[in-house]
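See structure below.
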Protein chains: 2
Amino acid sequence: MNKIADPIEFARALADHTRQEIMKMCCCEWRSVGELAGELEVTQPTVSHHLAFLREANLVHVRPEGRQTFYMLNQDTVASCCGDLMLNYAPDIREPA
Amino acid sequence: MNKIADPIEFARALADHTRQEIMKMCCCEWRSVGELAGELEVTQPTVSHHLAFLREANLVHVRPEGRQTFYMLNQDTVASCCGDLMLNYAPDIREPA
DNA sequence: GTAACATATAGACGAGCATCTATGAATAAG
DNA sequence: CTTATTCATAGATGCTCGTCTATATGTTAC
């Protein structure tokens with residue numbers, strides 16, 4: 001049973017610079033926590049904290065492997081939430097031909 | 001000269017229940033501040049505060065008229081920001097046929 | 001088992017935010 | 001001009017959040 005995408009939780013996930021950086025970094029490939037922390041200017045616990053948030057929001061896939069944990073962005077959730085936002089807040093906009 | 005849509009500011013605008021309610025209420029029609037405050041469970045200054053935020057984010061159109069001020073959601077900004085989010089965070093999702 | 005490594009959790013702290021009350025500014029009505 | 005109405009602004013307050021350090025948990029290597 002999939003978690004229902006809450007529009008406010010989705011927006012809150014995006015409403016932070018570090019979290020958006022994390023999402024970009026693991027958008028299209030699996031990334032370990034250490035990799036993420038290494039390229040960001042925050043500590044490892046801070047990265048773990050943000051990853052927990054993204055996990056709660058169903059915005060990342062998780063794959064534990066040995067002593068590392070790999071994360072990858074859940075693009076389906078992003079697309080679903082963006083679609084809902086469009087339906088709610090841009091119903092009169094139509095796709096360019 | 002149009003303000004550039006900042007994805008974090010856009011997300012922060014959506015990351016609050018009251019602001020999402022306001023956006024829904026003035027999505028497709030002009031609404032005065034009094035109307036909005038009347039239907040929401042917050043005070044008029046709180047509504048004005050949120051409208052100022054949405055104004056800064058270029059998310060509403062404003063039309064002063066006498067002693068009232070009418071607001072309407074700027075759907076173009078919403079669509080533009082959602083499009084950017086899709087490009088950044090859901091590049092592998094393709095439209096259903 | 002012990003040591004080293006990778007991640008998660010706990011607790012603390014400071015900044016930011018959503019809300020309120022009180023008040024200012026602008027407009028309409030009398 | 002005075003009063004009433006509508007909205008915006010200022011200041012205060014309590015709560016949330018992002019970050020840190022310290023530590024716990026789990027895993028691999030020896």
Side-chain angles (χ1 to χ4, degrees), chain A residues 3 6-26 29-74 81 89, chain B residues 3 6-26 29-74 81 89:
Chain A
K3 195 186 169 196
D6 174 22
I8 293 187
E9 199 174 8
F10 173 65
R12 288 205 307 153
L14 289 166
D16 178 76
H17 174 69
T18 302
R19 247 163 358 229
Q20 284 214 19
E21 288 299 311
I22 292 173
M23 289 172 67
K24 279 177 198 143
M25 289 179 63
C26 64
E29 55 181 338
W30 293 97
R31 295 296 206 109
S32 72
V33 178
E35 277 181 320
L36 296 170
E39 299 186 23
L40 295 168
E41 291 186 343
V42 292
T43 63
Q44 171 267 313
T46 297
V47 173
S48 277
H49 169 75
H50 288 304
L51 287 169
F53 190 105
L54 296 174
R55 228 184 303 132
E56 289 294 315
N58 195 34
L59 274 166
V60 286
H61 301 288
V62 190
R63 179 164 62 80
E65 192 169 317
R67 51 187 168 192
Q68 321 194 69
T69 307
F70 291 87
Y71 288 86
M72 189 167 72
L73 187 63
N74 186 341
C81 289
Y89 301 118
Chain B
K3 193 186 170 195
D6 175 21
I8 294 187
E9 199 174 6
F10 173 64
R12 287 206 308 152
L14 289 165
D16 178 76
H17 174 69
T18 301
R19 259 180 326 248
Q20 283 214 19
E21 288 299 311
I22 291 173
M23 289 173 67
K24 278 177 200 143
M25 288 180 65
C26 63
E29 55 181 337
W30 294 96
R31 294 296 206 110
S32 72
V33 178
E35 275 181 322
L36 297 170
E39 299 186 23
L40 296 168
E41 290 186 342
V42 291
T43 63
Q44 172 267 313
T46 297
V47 173
S48 278
H49 169 75
H50 288 304
L51 288 170
F53 190 106
L54 297 174
R55 229 184 302 132
E56 290 293 316
N58 196 32
L59 274 165
V60 286
H61 300 287
V62 190
R63 180 165 61 82
E65 194 169 316
R67 52 188 168 189
Q68 321 196 67
T69 308
F70 290 87
Y71 288 86
M72 189 167 71
L73 186 62
N74 185 342
C81 289
Y89 302 118

Whole-Å gap separating C1' (dC7(D)) and CG (Leu54(B)) | 16 Å
OG on Ser48(B) to CZ on Arg55(B), rounded to 0.5 Å | 7.5 Å
For Arg63(A) and dT27(D), give me the distance from atom CZ to atom P, rounded to whole Å.
-> 16 Å
Grab the CD-C1' distance between Glu65(B) and dT5(D) for me, whole Å please.
-> 15 Å
What pairs with Glu21(B) under salt bridge (Lys or Arg N to Asp or Glu O under 4.0 Å), at least two apart in sequence or on another chain?
-> Lys24(B)
Atom CD of Glu21(B) and atom P of dT19(C) are separated, to the nearest Å, by 11 Å
Look at Thr18(A) and dG18(D) and indicate whether a side-chain polar atom (N or O) is within less than 4.0 Å of OP1 or OP2.
-> no
Rounded to whole angstrom units, what separation is found between the CG atom of Leu14(B) and the P atom of dA18(C)?
-> 12 Å
Polar atom pairs between nucleotides 7-12 of chain C and protein, under 3.5 Å, N or O only, would you list them?
| unit_1 | atom_1 | unit_2 | atom_2 | d |
| --- | --- | --- | --- | --- |
| dT7(C) | OP1 | Val33(A) | N | 3.3 |
| dT7(C) | OP1 | Thr69(A) | N | 3.4 |
| dT7(C) | OP2 | Gly34(A) | N | 2.8 |
| dT7(C) | O3' | Thr69(A) | OG1 | 3.4 |
| dA8(C) | OP1 | Tyr71(A) | OH | 2.5 |
| dA8(C) | OP2 | Ser48(A) | OG | 2.7 |
| dA8(C) | N7 | Gln44(A) | NE2 | 2.9 |

What is the distance from CD1 of Ile22(B) to C1' of dT19(C), rounded to the nearest Å?
-> 12 Å
Sequence neighbours left out, what passes salt bridge (Lys or Arg N to Asp or Glu O under 4.0 Å) with Arg31(A)? Give chain and number order.
-> Glu29(A), Glu39(A)
Test Leu36(B) against Leu51(B) for side chain to side chain contact (heavy atoms under 4.5 Å, CB included), laying out the working first.
-> CA-CA 10 Å; Leu36(B) 297 170; Leu51(B) 288 170; 4.1 Å; yes
If only atom types and distance count, is the side chain of Arg19(B) paired as donor or acceptor with the main-chain N or O of His50(B) below 3.5 Å?
-> no
Is there side-chain contact between Tyr89(B) and Leu14(A), with heavy atoms separated by less than 4.5 Å?
-> yes
Value in whole Å for how far the P atom of dG16(C) lies from CG of Asp16(B) | 18 Å
Over how many whole Å does the gap from His17(A) atom NE2 to dG16(C) atom P extend?
-> 15 Å
